[in-house]
> 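Quick one: the structure is below, questions incoming.
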Amino acid sequence: MNATSEKFLVVEDVSKYFGGLAALKKLDLEINSGEILGLIGPNGSGKTTFFNVLTGIFKPTGGSIHFNGRDVTGLPPQSIYRAGIARTFQRSRMCLPLSIFDNIMIGNHIRLNHGIWYNLFRRKSFARDFVAQHREASELLEIFNPELAEHIFEAAGDFPMIDRRRMEICRALISRPRLLLLDEPSAGMTHDEMHQLMNDILKVRAGNPDLTIIIIEHEMNVIESITDHCVVLNFGEKICEGTYQEIASDRHVQEAYLGGSDIEDEPPGEPRDDEKEGEQWQTV
Amino acid sequence: MDLGTLGQYIVNGMMLGMMYALVAVGFTLFFGVLNVIVFSHGDLLMVGAFTGFTVSLLFKYLGDDSTSFQIVVILIFSMSCMAALGALVAKYLVLPLKSAPPLMTLLITLMLGTILRESVRLFYPDGSNPKLFPALLPQTSYTFGNFSLRLDNVILLLTGLLIIVILHIIINKTTLGLAIRAVAQDEETARMMGINFNFIVFVTFAIGSGVAAFAGIMNGLYYNEINFGMGLMLGAIGFSAAIIGGLGNLYGAILGGFLFAGLQTIGAVALPFSSAYKDVFAFAAIIALMAWRPTGLIAEKVSERV
Amino acid sequence: MKSNNEAPHSLLLGLSSAVALLAYTAIFMVAETEAAIVAIIVFGCIAIFLLKRFGKLAQINLAFRTHQRIMHYAVMSGVLILAAIFYDSHYTLFLIATVILYLVACLGMNIQLGYAGVINFSVASFFGIGGYTAAVLTMQTGLPHLLIILAGGLVAAAVGSLLLLPVLRTSGHYAALVTIAFALLFKTFLEVNDSLGGPQGLQVAGMHLFGFEFNNNIVIGDVDISFYLPYVILSLILAIAAFTITKRLERSWIGLNMDAIRLDETAAACFGLSIPRWKIKAFTFGNFIIGIAGAVYGMMVGYIAPSNFTFGDSLILMSIVLLGGLGNPWGLVVATSIVIILPEKLQVIQEYRFLLYAIVVTLMLLYRPEGLVPRQLRCYIPGWRA
């Protein structure tokens, strides 16, 4: 078996229903290790729901997910993280009262020692660990914004949204995940900032060629420039797959983005797919 | 146990259930529109009861002995006062903390409850002692063997039921109710649809508080007594009833109220040594139920966006 | 970077403020008439206002943080000096010991609420469990008293876990409900149980340590020292331990985990934190500390009764934590002192204290939710620079 084409993430037939509404319908997806996959589609097409199912926040209604050879279907978010999947959120979720360093360290949970004895009584060891973590976090942060690294002990809430997105990416990267999920990382950025962000991400990846990335984006320039492969969703279903060039010229994709030609083809108002009454997401 | 005593227990249980349900309704409505626990609700009930009591004192002072007229006045006055108070609480204490973590609202309403409780205790004439609430309902009772059914209980039960039906109609058949449900489901979309969010919040709080006032008067008429501390336990019970029914769900709250009363009755029968045990039993049973069905018997509304 | 001149200046400022505080407290304790007490309070408020106005308050704050070790010793010595000044006053020493023990309990509650965000409405009940454990163990067994204090903490922690376990996997308001129910029912449960003394309560033997009986006055030559003095010292040692552990906890990966849970459970879960596990750890650990404080308090008072551990008492402890500043131990020191001492000295407000605290906390939550002494950003290694 060719190791480089070993399927790293296999999503098979995954569905997610909220009551009667299908947020995801029999989704099939495969990624190789080291690939960058673009996940695109109009608003409400199920992209973030997919991330939520993948990271264990929602239990899939059907289907299976295999990651790195392991069946991770329906596992809680903590197990998914330990398996090596880290993510950012569509609405940036940073703990604003905490420092940038604190926020990044939250992402580093698996590499930190949480024992009571260690933390309370072995303070010298702890101090050494802290210094090492600080160095690593600063170096990571510097890739994205060297100025931030100087203010690493200031409150995250003091900084603009763009910097918070950068911090969030660092939080996801610090644990050296195998699979990185980026949910609209460039939202709110100018073109230049976007390109810089993508370059920074690629810089990180250069140091870690095994890093696999799935990126949800609306900015087609970004998708075009960094993805190897794209999947297009619409109404929870995969409607197209291929390289950016292939999907950009696909008729179905164009219709999905520009609107259906027949009014009958359009379903009535789409409720938000991740907020439904009567459905309890898996207790975290 | 003979049928007569059983009948007493049942009637008593239904009365309690009705009262708890009416309190629970408030909790669930407030959680529905704002995702907050308003812990002053029980004490607001108490203030409603005291308001009604004050009106009855006024009637006594004026030498007016009429009962049905008095009750109507008491109810209208007390319910509208509490509705106003509820709206004020929403405007000045709850809405300002909307963007803070829900814990803050719980804490501030807890403090408000204490303020209400202590204010009555300290500033109402002879506030620390229980007050005799006048028996304004007909005192006739019908006896069937061992079992005597009091007319005033029947009237209270029926009016309670009426209030629940009215609530059901308001929430499900009016535009206002539609707006409330819209806000409860999704604030942002509701706003975008042109609904005045703040106004709906005020109205919801007013409704919930008015119903609580009714429950307070009901309490006073049933026990013929009110005291400054009555809101605390009632609030806790109403809160747990709302939770077990599923927060945000009106019918769940009603169900929860009757369920709690049922548990208390079972506890009273099974553990007759002390009245304290029935409460321990009921709360323990509720907690066990919550562990089994964490989202409530009828599901709680899910509200987080990820 | 501060210049070399500033460091000793800052230290001087810190020390002199500690001395000033000591003097102020001593005078406050000595004052007898209400007029005098009110005057002293007004003076204190004006002083704080002026200090804030001229930026001195921030400087003092900075001084406390830069010279932490020295300031800690200064405050400790201050308390000891205060105790020495009032060596023969039962009343004052009892008050000081009470403040310190309540501070310890609030430090425990701070771990639950301020760090992990677990709301505990039955704090006073766990305080009472510690006391009842001490009562039963001192009167029924011959166990050494230090072990009994420990047992008080362990029993409180055990009961706490039992209480919270069923609702751990649910969201916060369920836990709130459980602790409310417990708080409301604890008192009635005790009152109907004669085996635990019923409404009269139980006696607790006084502290007996290494052959030294705490509850007898100490006589040194001609001088009669109040028997509360050893309790003050014991409480102070407990407070120092609790304070140190709290600070270290906060300045560690554990403290970070708790903050993460409090601020954003979903994100925390996505990064590997087990929410139930950390909540129960915080809750149990906090109750352990609360129980120990309760046990010592029971021994000091000599008896323990259900009426001291009502829902209202839990609310008082909660208002201390909210007033002081969620998550800031120093804020707790200030808040505990104010909340406990003020109604004692100003008897006229005794009756109104629940109302007053509720009003003050309401105002705080509306206008200054960070509390009197806001929590600072986490500083893992004090004095460390990159």
Side-chain angles (χ1 to χ4, degrees), chain A residues 51-52 55-57 76-82 85-89 92-99 101-103 105-116 118-121 123 126-127 129-131 133-135 138 149-150 152-155 168 171-172 174-175 181 281-284, chain C residues 111 114-115 117 167-171 174 241-242 244-279 281-282 284-285 288 326-327 369-370 374-386:
Chain A
F51 272 11
N52 291 339
T55 52
I57 294 179
Q78 292 86 350
S79 308
I80 302 289
Y81 166 78
R82 276 194 290 274
I85 302 181
R87 71 174 291 179
T88 65
F89 296 88
S92 166
R93 295 179 85 115
M94 286 267 107
C95 299
L96 298 180
L98 298 183
S99 67
F101 179 72
D102 280 352
N103 274 288
M105 282 299 113
I106 290 177
N108 210 8
H109 188 257
I110 198 171
R111 293 170 61 215
L112 298 175
N113 184 341
H114 304 283
I116 289 194
Y118 175 79
N119 281 280
L120 289 184
F121 300 115
R123 296 300 287 182
F126 176 80
D129 186 23
F130 162 74
V131 172
Q133 298 298 344
H134 170 256
R135 198 179 335 116
S138 299
E150 278 170 44
I152 200 173
F153 288 112
E154 289 173 37
E168 203 174 349
R171 178 176 71 179
I174 190 81
S175 63
L181 306 176
W281 36 285
Q282 196 168 336
T283 323
V284 296
Chain C
I111 295 179
Y115 296 156
V167 293
L168 263 183
R169 296 193 168 274
T170 62
S171 57
Y174 298 79
T244 313
I245 291 189
T246 300
K247 284 247 132 201
R248 286 190 185 182
L249 200 73
E250 198 253 343
R251 291 182 173 141
S252 70
W253 306 132
I254 296 183
L256 179 63
N257 288 345
M258 293 188 183
D259 281 340
I261 296 178
R262 186 183 82 253
L263 291 168
D264 192 343
E265 272 185 31
T266 311
C270 285
F271 291 106
L273 268 98
S274 165
I275 310 291
R277 190 188 308 168
W278 287 101
K279 279 191 173 172
K281 276 190 189 174
T284 309
F285 197 61
F288 176 67
L326 269 180
E370 63 276 18
R375 181 171 171 197
Q376 311 284 354
L377 283 170
R378 177 175 283 102
C379 169
Y380 291 86
I381 316 282
W384 179 84
R385 289 236 180 278

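Chain letters run A, B, ... following the sequence lines, proteins first and then strands; every chain starts at 1. Heavy-atom basis, side chains included; hydrogens, waters and symmetry copies ignored.
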> Out of A:Ser79, A:Gly115, A:Ala155, A:Ala86, which one racks up the most heavy-atom pairs below 4.5 Å with chain C?
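The candidate making the most pairs under 4.5 Å is A:Ala155.
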> Could you tell me which portion of C:Leu377 (side chain, backbone, both or neither) has an atom closer than 4.5 angstrom to a non-hydrogen atom of chain A?
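Only the side chain of C:Leu377 comes within 4.5 Å of chain A.
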> In chain order, what residues pass the ring pair (Phe, Tyr, Trp, His ring centres under 6.0 Å) check against A:Phe126, with sequence neighbours excluded?
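Once residues adjacent in sequence are excluded, the partners of A:Phe126 under the ring pair (Phe, Tyr, Trp, His ring centres under 6.0 Å) criterion are C:Trp253.
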> Answer with side chain, backbone, both or neither: which region of A:Ile80 has an atom nearer than 4.5 Å to a non-hydrogen atom of chain C?
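Answer is neither: A:Ile80 stays 4.5 Å or more from chain C.
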> So, taking the atom named CD1 in A:Ile57 and the one named OG1 in C:Thr266, what distance separates them when rounded to the nearest 0.5 Å?
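Going from the CD1 atom of A:Ile57 to the OG1 atom of C:Thr266 covers 6.0 Å.
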> Within the 4.5 Å heavy-atom criterion, are A:Met94 and C:Asp264 side-chain neighbours or not?
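Contact flag for A:Met94/C:Asp264 side chains = no.
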> Heavy-atom cut-off 4.5 Å, strictly under: side chain, backbone, both or neither for A:Arg123 against chain C?
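For A:Arg123, the side chain is the part near chain C, not the backbone.
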> Can you tell if the side chain of A:Pro97 reaches within under 4.5 Å of the side chain of C:Leu263, non-hydrogen atoms only?
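Result yes, sub-4.5 Å side-chain heavy-atom pair found.
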> Which distance, rounded to the nearest 0.5 Å, do you find between the CD1 of A:Ile106 and the CD1 of C:Ile261?
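Reported to 0.5 Å precision, the distance equals 10.0 Å.
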> Where is the tightest heavy-atom contact between A:Gln78 and C:Ser274, given as atom of each residue plus distance?
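Closest heavy-atom pair between A:Gln78 and C:Ser274: NE2-CA, 3.8 Å.
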> At a 4.5 Å cut-off on heavy atoms, which part of A:Ile152 comes close to chain C: side chain, backbone, both, or neither?
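Contact with chain C is absent: no heavy atom of A:Ile152 under 4.5 Å.
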> Is it the backbone or the side chain of A:Phe121 that comes under 4.5 Å from a heavy atom of chain C, or both, or neither?
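Both parts, backbone and side chain.
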> Considering only heavy atoms from C-beta outward, does the side chain of A:Asn119 approach that of C:Leu249 to under 4.5 Å?
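Sidechains of C:Leu249 and A:Asn119: no contact.
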> Please look at C:Arg251 and chain A and tell me whether the side chain, the backbone, both or neither of the residue comes under 4.5 angstrom of a heavy atom of that chain.
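Contact with chain A: backbone and side chain both.
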> Are more than 12 heavy atoms from other residues, nucleotides or ligands located less than 6.0 Å from atom CZ of C:Arg277?
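No, because the 6.0 Å sphere around CZ of C:Arg277 holds 12 heavy atoms or fewer from other groups.
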> Measure the spacing between CG of C:Leu273 and CD1 of A:Ile110 and express it to the nearest 0.5 Å.
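The CD1 atom of A:Ile110 is 11.5 Å from CG of C:Leu273, to the nearest 0.5 Å.
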> When rounded to the nearest 0.5 angstrom, what distance separates SG in C:Cys270 from NE2 in A:His109?
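So the SG of C:Cys270 and the NE2 of A:His109 are separated by 13.0 Å.
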> Please classify the contact between A:Leu98 and chain C as side chain, backbone, both or neither, with a heavy-atom cut-off of under 4.5 Å.
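Interface part for A:Leu98: both.
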> What distance do C:Arg378 atom CZ and A:Met105 atom CE have between them, rounded to the nearest 0.5 Å?
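Here the rounded value is 12.0 Å.
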> Roughly how far, to the nearest 0.5 Å, is CG of C:Asn257 from NE2 of A:His114?
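Going from NE2 on A:His114 over to CG on C:Asn257, the span is 5.0 Å.
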> Do C:Tyr380 and A:Val131 have side-chain heavy atoms sitting under 4.5 Å apart?
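No; the side chains remain at least 4.5 Å from each other.
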